[in-house]
Number of protein chains: 2
Amino acid sequence: MRVLLVEDDVDLSRQLKLALGDAGYAVDHAADGEEAHFLGDTEPYDVVVLDLGLPKIDGVSVLERWRRDGKTTPVLILTARGAWSDKVSGFDAGADDYLTKPFHTEELLARLRALLRRSAGIASATLSCGGLRLDPRAARATVSGEPLRLTSLEYRLLHYLMMHQGRVISRTELVEHLYDQDFDRDSNTIEVFVGRLRKKIGPDRIETVRGLGYRLTPLAGESDGT
Amino acid sequence: MRVLLVEDDVDLSRQLKLALGDAGYAVDHAADGEEAHFLGDTEPYDVVVLDLGLPKIDGVSVLERWRRDGKTTPVLILTARGAWSDKVSGFDAGADDYLTKPFHTEELLARLRALLRRSAGIASATLSCGGLRLDPRAARATVSGEPLRLTSLEYRLLHYLMMHQGRVISRTELVEHLYDQDFDRDSNTIEVFVGRLRKKIGPDRIETVRGLGYRLTPLAGESDGT
DNA sequence: TCCCCGGCTGAGCGCGATCTGAACGGCGCG
DNA sequence: CGCGCCGTTCAGATCGCGCTCAGCCGGGGA
């Protein structure tokens, strides 16, 4: 999952970037509204954390523009305590959630998880597919009850696949959502990791669709509608 | 499905060509308005992605000419940010959708799917015909619930047939829509692939109309559940 | 009936896509 | 500072796909 963090306070943004990174997100950071707007337009984020008090262009304006352009990426707004009007206008502008500063990193993470879940149209807090099960809260996955030992990237890969199970995901899409901006596009890391993941969760789970990408096959008996 | 990509920016067009190819389209590329106009006149595209700022002939003019000539191919326009007047004149000229640069590849793909669906007069996001069902979003097809394992070309073939079920499709038409420009016209690949497809979806689905082509027969008793 | 033409099919080939094992280099930790 | 873990790279192996070819079949007209 890839997140755009828009925050001008240097300390806070560094701290958040770390926390988000630790939580397994690929993080891009924008320090002002202009940069935020550009990045959000350019890169396919899964979710945006948007501070409102920003240099150059105000957060609300950035959000408004995105929405006017038809972007539906979930946005979580950070507001200063008591800045009530900000909150309202933020929601009006199309925010999906908000959080008042100061806050606990934990809460931010929880809200992000919820947002991602909602935006993927998934009800339950844990993902499952066949004997596979993944709990974003604990960042832990199991195959038929057995806990898996996954590295960070393996986990992220599995997470993304499970969020979009049944769909063919192109290598490009994976790269765009697992990594942040600067990443060498022609490299076969994805293949390598798919390989490693297969070795851990069983070879039949991830189907490769030649010329298109990969698909995590939801075995029969799944509820979850698209 | 075959798409004409009209874009003069070298980097962007290369990137888009890749992405479109990945998504299973046959892609032709025109780098200026003249070429675009010629290709659009000559080849039967299913959809056109048209950049507006073009050398030689402007995108809007190209579109206007096509429309004047009676072409109804859906056209998606790419505009530079904020070029509002372009957008308006683009719509006036007969565009079906627009996207402002920069944009996410995924959004372009989603909009193209929507356009193709709309242009075929199909409401539901998934195609169905008899026990056959095809979901373009997941790039997956099923026969009476059983998932099919189709190769890229088999899938494209089936997709095209299902989009035009009930109509006789000539071999030429198939070739023109499944491949890009340079393709050896006297070859029997189509027959081979029809054969393979029949083997996978059952022999009675695709009817041969001698001397004319093939027809996918929509059996009686369709309910179609979205 | 025989021949011609269009369509069908099984086999096989070449290429590019994908996989995989091994090795490298950075980083954190003891 | 040495060790182990991890992400990445590379090169060779492998495999599947799309295409061609050649022969077969079946229908229809002469």
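Keep in mind the model is a prediction, meaning the values are calculated, not measured. Below, chain A is the first sequence line, B the second, and so on; all start at residue 1.
Rounded to an integer number of Å, the gap from B:L212 CG to C:dG7 P is 9 Å. Spacing between atom CD of B:E191 and atom P of C:dA11 amounts to 18 Å, rounded to whole angstrom units. When the P atom of D:dG16 is taken as reference, atom NZ of B:K200 falls 12 Å away, rounded to whole Å. Atom-to-atom, CD1 of B:I169 to C1' of C:dG7 comes out at 18 Å; the value is rounded to the nearest Å. For the pair A:I190 CD1 and C:dT20 P, the computed distance is 15 Å after rounding to whole Å.
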For this session: Run the numbers on B:I206 and B:T217 for side chain to side chain contact (heavy atoms under 4.5 Å, CB included), then give the verdict.
Result: CA-CA 7 Å; B:I206 303 174; B:T217 42; over 6 Å; no
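Taking only side-chain nitrogens and oxygens, B:K199 comes nearer than 4.0 Å to OP1 or OP2 of C:dG10. Between C:dC8 and B:T208, a contact under 4.0 Å exists linking OP1 or OP2 to a side-chain N or O. Of the side-chain N and O atoms in B:Y214, one or more sit less than 4.0 angstrom from OP1 or OP2 of C:dC8. Listed pair B:R171 / C:dG7 meets the phosphate criterion, a side-chain N or O lying under 4.0 Å from OP1 or OP2.
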N/O-N/O pairs, protein side and nucleotides 5-9 of chain D side, under 3.5 Å:
| from | atom 1 | to | atom 2 | distance (Å) |
| --- | --- | --- | --- | --- |
| D:dG7 | OP1 | A:L153 | N | 3.1 |
| D:dG7 | OP2 | A:T151 | OG1 | 2.7 |
| D:dT8 | OP2 | A:Y179 | OH | 2.7 |
| D:dT8 | O4 | A:R196 | NH2 | 2.5 |
| D:dT9 | OP2 | A:S187 | OG | 3.0 |

Distances under 3.5 Å between nitrogen or oxygen atoms of protein and nucleotides 28-30 of chain D:
none

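In this structure, B:E34 and B:D32 approach most closely via the heavy-atom pair N-OD1, 2.9 Å. B:G59 approaches B:L50 most closely through the heavy-atom pair O-CD2, 3.5 Å. Residues A:H164 and A:I169 approach most closely at CB-CD1, 3.6 Å, considering heavy atoms.
In this structure, the side chain of A:D9 engages the main chain of A:L12 through a donor-acceptor pair within 3.5 Å. B:E43 contributes no side-chain N or O that, together with a main-chain N or O of B:Y45, makes up a donor-acceptor pair within less than 3.5 Å. Looking only at distances, a side-chain donor or acceptor of B:R2 sits under 3.5 Å from a matching main-chain atom of B:E176.
Contacts of residues 14-22 of chain A with DNA chain D (heavy atom under 4.0 Å): none.
Ion pair A:K101/A:D51 flagged as a salt bridge, since at least one NZ, NE, NH1 or NH2 atom sits closer than 4.0 Å to an Asp/Glu carboxylate oxygen.
Contacts classified as salt bridge (charged side-chain N to carboxylate O under 4.0 Å, His left out) and involving residues 147-168 of chain B (residues at least two apart or in different chains) are given here: A:E207-B:R149, B:E154-B:K200, B:R167-B:E173. Residue pairs that meet the ring pair (Phe, Tyr, Trp, His ring centres under 6.0 Å) test with at least one member in residues 10-36 of chain B, sequence neighbours left out, do not exist here.
Listed by chain and number, the residues in a ring-ring contact (aromatic ring centres under 6.0 Å, His included) with B:F193 amount to none (sequence neighbours excluded).
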